[in-house]
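What follows is a set of notes on a single structure, which appears directly below.
Treat the numbers as computed from the prediction; the structure is a model and nothing was measured. In what follows, every heavy atom counts, from backbone to side chain, and hydrogens, waters and symmetry copies are set aside. All ligand and atom numbering here is 1-based and tracks the order in the structure.
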Amino acid sequence: MKLVVLGPPGAGKGTQAAKLSGELSLPRIATGDMLRLEVSSGTELGKEAEGYMRRGLLVPDEIIIEMVRERVSHDDCKGGFILDGFPRNMAQAKTLEALGPMDLVIYLDAGEEEVVERLVGRRACRECQAVYHLRFSPPKADGRCDLCGGRLHQREDDREGVVRERFRTYRERTQPLVQYYQAKSILEKVEGLGTIEEISRSIRETLESRGLI
Ligand code: AP5
């Protein structure tokens with residue numbers, strides 16, 4: 001099964017894609033996580049991407065497309081995968097199409113004020129990248145990851161000004177993909193408001209209604 005999780009920053013793409021990945025035993029390919037790993041490892045690619053990420057802009061297509069093309073060629077993607085954060089513009093969508101048809105695009109929708117609250121309160125583990133929220137899904141011990149005990153930190157691009165810029169970038173560059181996939185009849189909208197469990201249930205119902213699980 002090949003799935004895309006599409007939606008604005010902070011809609012819960014990573015949270016839901018990680019849950020689905022565990023439930024369906026499919027690899028989750030999160031381009032944001034891959035880029036942050038390049039940045040923290042100090043690679044040339046990371047150095048080039050960092051400036052764009054800090055400003056809430058899209059990293060150039062030639063970087064991202066090659067990264068995704070390489071990742072989906074791995075053996076663990078033979079039975080399918082879940083794309084989280086890709087595609088984000090028309091050029092990326094066309095590239096993906098050339099790699100083969102997707103089964104479903106799950107469009108998680110949420111408004112600007114909701115995503116600002118979610119992202120400003122988000123904390124992530126430095127070691128295993130697990131994601132928390134100070135109010136909505138707090139860790140058991142202050143500042144520590146429940147899963148590995150690693151330190152939690154706030155992403156640099158989760159400051160309010162950058163979040164609003166990311167939202168603007170999303171509206172201009174990524175939102176047109178909603179119509180694009182709607183026209184191909186492979187898009188299902190899932191309301192991004194509600195608890196993490198409620199949204200997860202809606203996604204599973206959507207997959208069932210499409211005969212995918
Ligand atoms: P990326 O890391 O992909 O960021 P994003 O798309 O902006 O998405 P986020 O990870 O911020 O949000 P999310 O929807 O996954 O929400 P989450 O589940 O964490 O990209 C970062 C940057 O990399 C981009 O700006 C760009 O520069 C670059 N980049 C990446 N991909 C690229 C591409 N394809 N092309 C070009 N550039 C690219 O949830 C958010 C918070 O809310 C968490 O704290 C969570 O606990 C909480 N939460 C989740 N669900 C709920 C709920 N239902 N109720 C309450 N709280 C919730």
Open item on the list: List the protein residues in contact with ligand 1, where contact means a heavy-atom separation under 4.0 angstrom.
Closed with: Pro8, Pro9, Gly10, Ala11, Gly12, Lys13, Gly14, Thr15, Thr31, Gly32, Leu35, Arg36, Met53, Leu57, Leu58, Val59, Ile64, Gly85, Phe86, Arg88, Gln92, Arg118, Leu119, Arg122, Val131, Tyr132, His133, Phe136, Ser137, Arg155, Asp157, Arg166, Gly194, Thr195, Ile196, Ile199
Task: ring pair (Phe, Tyr, Trp, His ring centres under 6.0 Å): pairs with one or both residues in residues 69-93, sequence neighbours excluded - done: none
Open item on the list: Within 45 degrees of the ring normal and closer than 6.0 Å to the centroid, is that where the cationic atom of Arg173 sits relative to Tyr170?
Closed with: no
Task: Contact list for residues 7-22, test salt bridge (charged side-chain N to carboxylate O under 4.0 Å, His left out), sequence neighbours left out - done: Lys19-Glu197
Open item on the list: Taking ring pair (Phe, Tyr, Trp, His ring centres under 6.0 Å) as the definition, give me every residue that meets it alongside Tyr180, ordered by chain and number, with sequence neighbours left out.
Closed with: none
Open item on the list: If hydrophobic clusters are built from ILVMFWY residues whose side chains come within less than 4.5 Å, do Leu108 and Ile196 share one?
Closed with: no
TODO: Considering only NZ, NE, NH1 and NH2 on the basic side and carboxylate oxygens on the acidic side, decide whether Lys189 and Asp109 come within less than 4.0 Å.
DONE: yes
